[in-house]
A.B. asks: 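I have a structure here, written as structure tokens, and I will follow up with some questions on it.
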Amino acid sequence: MPSLVGTTFAEATTQLDTSRLEVGDIDWVKTLDKDHQVVKTQLSNPAAMLWAGTSVDLEMEAAPVSIPDFAASNVANALILADEVGVSISIPFTPTESQSWKVLSQDPSAGTNGRAGDAVKLTLEVPNVAVPDLAGLTVSEATSALTDAGLRGEASPTGYETDWTVSAQATAAGASVQHGTSVAFTVQAPLVTVPDLSGKNSTTADSELKALGLTPASATPTARGSWTITGQEPAAGTQVAEGSTVTYTLTGPTITFEVTGNGSTAMVTWAPPGSFSISQDTGASVPWSMTFPDNGYDRYERGNFNAQMLDGDSITCTMYRNGEVVLTNTSTGPYAVVSCG
């Protein structure tokens, strides 16, 4: 019986055949190519006498190797050399992207005794690449652009939707960074143009804002339903992220008292809408006017006023509700007196 320990399977087969013995069961190292294995143990003692045709079982192990010198080679050649001796190389990049990169150092060093299947860690000369411009891209598009450039991406905040776009990136477009660098970028919801809400009531404004994906908020929560918008923030036409809050200010309707005539001075007496408090201006400049909030008073509560022309012969009083005339009277003659209410 020949000694087979340390021989390859092909060598062991040849020796057994020469000795008129058969190959029995083989216990291979399942994670290793068979060409890089040698006999570890054999079932029969080499000094034993066996009958011709006897089967000999073999247990295999990784073949001993001398770690090759990968320095000054590139990754593509290092892979070929490693495959020839049965070792693997360990690099933090895919072989496809790094095949032309130069090997700077290795661990373990060249000439070290090892076994097939051992991993050799390589340090590579990693090239620099230009950071692409990610502005306005979706997360998917930005990630693809970075991958194509040999970079990785990190989007924030988490929980973004697929249609959100890049609003900022941590590393400026065009900057030169090492291949494989992670570039952080910020995404935001799609931009929406804030509509003009002026003159609209809260119900209409809320519906319009919600339809655009914006959040309405009133700065005058005690306003009545008939009040209309006189101010908003942000201003109409502003570009904001979807989900942003638009705050509007509501103003109620008004009642205006007005005195006109062909003179320059009049005496005006008035009681504001909904009030019995009387005020008077004995030297009011003509034209004269005063505006009051209209809290939904009926015609009998909308106030009243009268005026006497002091230096002309024609005087007119006019009452407006939200800019529309609801009552007007004219009186003529010296010291003419007119009343509206």
Side-chain angles (χ1 to χ4, degrees), residues 31-33 67-110 112 114 116-194 212-214 234 238-245:
T31 58
L32 190 63
D33 191 298
I67 301 300
D69 185 2
F70 295 110
S73 177
N74 59 31
V75 171
N77 290 332
L79 286 169
I80 294 173
L81 184 57
D83 185 62
E84 289 175 354
V85 299
V87 297
S88 63
I89 62 172
S90 173
I91 55 176
F93 303 95
T94 66
T96 301
E97 66 183 329
S98 61
Q99 59 180 332
S100 64
W101 300 355
K102 182 180 177 181
V103 178
L104 298 178
S105 63
Q106 66 183 79
D107 180 28
S109 59
T112 300
D118 287 351
V120 181
K121 183 178 179 180
L122 303 183
T123 300
L124 307 178
E125 185 177 57
V126 182
N128 277 10
V129 296
V131 176
D133 186 359
L134 307 179
L137 300 182
T138 64
V139 176
S140 176
E141 292 169 341
T143 302
S144 295
L146 290 170
T147 300
D148 291 344
L151 303 170
R152 296 190 299 275
E154 183 180 348
S156 64
T158 57
Y160 52 79
E161 300 292 338
T162 56
D163 59 346
W164 288 26
T165 55
V166 178
S167 59
Q169 59 189 89
T171 307
S176 181
V177 298
Q178 193 176 71
H179 186 106
T181 297
S182 181
V183 177
F185 57 90
T186 303
V187 294
Q188 65 179 11
L191 294 180
V192 179
T193 301
V194 177
L212 293 172
L214 300 174
T238 304
Q239 293 280 305
V240 298
E242 188 177 276
S244 297
T245 298

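Computed over heavy atoms, backbone and side chain alike; hydrogens, waters and symmetry mates excluded.
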A.B. asks: side-chain hydrogen bond (donor to acceptor under 3.5 Å, both in side chains) with Thr171: which residues, sequence neighbours excluded?
C.D. replies: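 side-chain hydrogen bond (donor to acceptor under 3.5 Å, both in side chains) check on Thr171 returns nothing, list empty.
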A.B. asks: Distance-only check: which donor-acceptor pairs under 3.5 Å involve side-chain atoms of residues 132-139, not counting sequence neighbours?
C.D. replies:
| from | atom 1 | to | atom 2 | distance (Å) |
| --- | --- | --- | --- | --- |
| Asp133 | OD1 | Ala135 | N | 3.1 |
| Thr138 | OG1 | Glu141 | N | 3.2 |
| Thr138 | OG1 | Glu141 | OE1 | 3.4 |

A.B. asks: Holding to side-chain hydrogen bond (donor to acceptor under 3.5 Å, both in side chains), I want the full list of residues that pass it with Ser88, two or more places apart in sequence or in another chain.
C.D. replies: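 Here no residue qualifies.
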A.B. asks: Contact between Ile91 and Ser98 at the side-chain level, heavy atoms closer than 4.5 Å - yes or no?
C.D. replies: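 Ile91 vs Ser98: side chains touch.
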A.B. asks: Give, for atom OG1 of Thr238 and atom CG of Leu191, the distance between the pair rounded to the nearest 0.5 Å.
C.D. replies: 11.5 Å
A.B. asks: Who pairs with Pro190 by side-chain contact (heavy atoms from CB on, under 4.5 Å), at least two apart in sequence or on another chain?
C.D. replies: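 Per chain and number, Pro190 pairs via side-chain contact (heavy atoms from CB on, under 4.5 Å) with Asp163, Trp164, Glu242.
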A.B. asks: Please enumerate all residues that pass side-chain contact (heavy atoms from CB on, under 4.5 Å) together with Asp83, with sequence neighbours excluded.
C.D. replies: none
A.B. asks: Going by the rule side-chain contact (heavy atoms from CB on, under 4.5 Å), which residues pair with Pro108 if we only count those two or more places apart in sequence or in a different chain?
C.D. replies: Ile67, Thr112, Val120
A.B. asks: Just distance, no hydrogens or angles: give the donor-acceptor pairs under 3.5 Å from side chains in residues 145-161, sequence neighbours left out.
C.D. replies:
| from | atom 1 | to | atom 2 | distance (Å) |
| --- | --- | --- | --- | --- |
| Thr147 | OG1 | Thr143 | O | 2.8 |
| Arg152 | NH1 | Gly180 | O | 2.6 |
| Arg152 | NH2 | Gly180 | O | 3.1 |

A.B. asks: Check Gly86 against Leu32 and note the closest heavy-atom contact, atom names and distance.
C.D. replies: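 Shortest heavy-atom contact: O-CD1, 4.3 Å.
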A.B. asks: Which residues pass the side-chain contact (heavy atoms from CB on, under 4.5 Å) test with Ser100, not counting sequence neighbours?
C.D. replies: none
A.B. asks: Mark yes or no for whether Gln106, through its side chain, and Ile89, through its backbone, hold a donor-acceptor pair below 3.5 Å.
C.D. replies: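 Here the side-chain-to-backbone pair does not exist.
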A.B. asks: Going from CG on Leu124 to CG on Leu104, what distance comes out if it is rounded to the nearest 0.5 angstrom?
C.D. replies: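 Output value for this atom pair is 7.0 Å.
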A.B. asks: Work out which heavy atom in Val103 is nearest to a heavy atom in Ala78; give both atom names and the distance.
C.D. replies: CG2-CB, 4.5 Å
A.B. asks: Is there side-chain contact between Gln239 and Thr193, with at least one heavy-atom pair below 4.5 Å?
C.D. replies: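 A side-chain contact under 4.5 Å exists here.
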A.B. asks: Considering non-hydrogen atoms only, spot the tightest contact between Leu81 and Pro68 and give its length.
C.D. replies: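 Leu81 and Pro68 have their closest heavy atoms at CD2-CB, 3.6 Å.
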A.B. asks: State which residues pass side-chain hydrogen bond (donor to acceptor under 3.5 Å, both in side chains) with Thr186; sequence neighbours excluded, sorted by chain then number.
C.D. replies: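 side-chain hydrogen bond (donor to acceptor under 3.5 Å, both in side chains) check on Thr186 returns nothing, list empty.
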A.B. asks: Sort and list the pairs that fulfil side-chain hydrogen bond (donor to acceptor under 3.5 Å, both in side chains) and have at least one residue in residues 120-132, not counting sequence neighbours.
C.D. replies: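 Residue pairs with at least one partner in residues 120-132: Ser105-Thr123, Asn128-Ser176.
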A.B. asks: Under the rule for ring pair (Phe, Tyr, Trp, His ring centres under 6.0 Å), what residues qualify as partners of Phe93, not counting sequence neighbours?
C.D. replies: Trp101, His179
A.B. asks: Only counting residues at least two apart or in another chain, list the ones meeting side-chain hydrogen bond (donor to acceptor under 3.5 Å, both in side chains) with Asn74.
C.D. replies: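 Asn77.
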